[in-house]
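Reviewing the structure listed below.
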Amino acid sequence: MQEVSHFRFPTNTGGKSKYDWDTILNGKTWELSQGEDFEMEPRTFVAHVHGTAKRRGLKARTHTKDARTIIVRAYKEKVEVDDSVVVAV
C-alpha cells in the first residue's frame, strides 16, 4: 500500500438529470403531462418538483390539473428584514 500526498478527487457534479430542472424551475408556468414530460405518478413527480426546488433555494407552486397533468411554477421566497429579525413572507 502506498500513501498518496497529491491527489484531488474529481468534483461530483451529480451526473445528468433525467429532467430539465433549469427549464421546469425557471419561474414560468409549465403544464407537464405523464408519459410525455415525466414517467412516474403525477403526485410523485410533484414531490420531486418541491424537493428539487428546495435544494435550489426556491419554492414551487403545483396544481394537479387532471389524473395525468400537473401545472408547475417556481419562485424565490421573499424575505423581509425588520429590525434585525428575518421574516419569511
Side-chain angles (χ1 to χ4, degrees):
M1 177 170 17
Q2 181 179 9
E3 181 180 3
V4 179
S5 60
H6 297 292
F7 179 80
R8 297 188 78 183
F9 286 96
T11 304
N12 183 1
T13 59
K16 182 162 172 31
S17 176
K18 185 174 183 177
Y19 303 106
D20 185 1
W21 292 112
D22 289 337
T23 300
I24 295 170
L25 300 176
N26 68 2
K28 295 181 180 177
T29 303
W30 298 100
E31 181 176 295
L32 305 169
S33 299
Q34 183 184 27
E36 186 177 326
D37 301 305
F38 60 93
E39 297 302 320
M40 61 194 73
E41 289 294 319
R43 64 189 171 118
T44 305
F45 190 73
V46 164
H48 279 285
V49 168
H50 287 282
T52 303
K54 184 176 182 176
R55 283 189 295 280
R56 292 173 175 231
L58 302 169
K59 295 276 190 172
R61 294 285 314 262
T62 57
H63 173 74
T64 303
K65 184 176 176 182
D66 57 41
R68 298 187 52 177
T69 308
I70 63 170
I71 308 293
V72 175
R73 179 174 52 217
Y75 62 96
K76 287 189 178 186
E77 185 175 31
K78 294 179 184 176
V79 177
E80 295 180 4
V81 178
D82 180 26
D83 295 331
S84 75
V85 176
V86 177
V87 180
V89 178

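- For the pairing with Phe38, the side-chain contact (heavy atoms from CB on, under 4.5 Å) check across Glu36, Gln34, Glu41 returns one residue only, Gln34.
- The aromatic rings of Phe45 and Tyr19 sit perpendicular, their planes meeting at an angle over 60°, well past the 30° parallel limit.
- Considering only residues two or more places apart in sequence or on other chains, Lys54 meets the salt bridge (charged side-chain N to carboxylate O under 4.0 Å, His left out) condition with none of them.
- Minimum interatomic distance between Ala53 and Ala60 (heavy atoms only, all atoms of both residues): CB-CB, 4.1 Å.
- Atom CD1 of Ile71 and atom OG1 of Thr64 lie 9.5 Å apart (nearest 0.5 Å).
- A continuous path of Ile, Leu, Val, Met, Phe, Trp and Tyr side chains, each step under 4.5 Å between heavy atoms, connects Met40 with Val49, placing both in one hydrophobic cluster.
- Residues satisfying the side chain to side chain donor-acceptor pair (under 3.5 Å) test with Arg68, not counting sequence neighbours, are none.
- Ser33 meets the side chain to side chain donor-acceptor pair (under 3.5 Å) test with no other residue; sequence neighbours excluded.
- Heavy-atom neighbours of Arg61 CZ from other residues, nucleotides or ligands within 6.0 Å: at or below the threshold of 12.
- Sorted by first and then second residue, the ring pair (Phe, Tyr, Trp, His ring centres under 6.0 Å) pairs involving residues 47-77 (not counting sequence neighbours) form an empty list.
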Which donor-acceptor pairs under 3.5 Å do side chains of residues 23-30 form with protein atoms, sequence neighbours excluded?
| from | atom 1 | to | atom 2 | distance (Å) |
| --- | --- | --- | --- | --- |
| Thr23 | OG1 | Asp20 | OD1 | 3.4 |
| Thr23 | OG1 | Asp20 | OD2 | 2.6 |
| Asn26 | OD1 | Lys28 | N | 3.0 |
| Asn26 | OD1 | Trp30 | NE1 | 3.1 |
| Asn26 | ND2 | Thr23 | O | 3.4 |
| Thr29 | OG1 | Arg73 | NH1 | 3.2 |
| Trp30 | NE1 | Thr23 | O | 3.0 |

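- In this structure, the salt bridge (charged side-chain N to carboxylate O under 4.0 Å, His left out) partners of Glu31, at least two apart in sequence or on a different chain, are Lys65.
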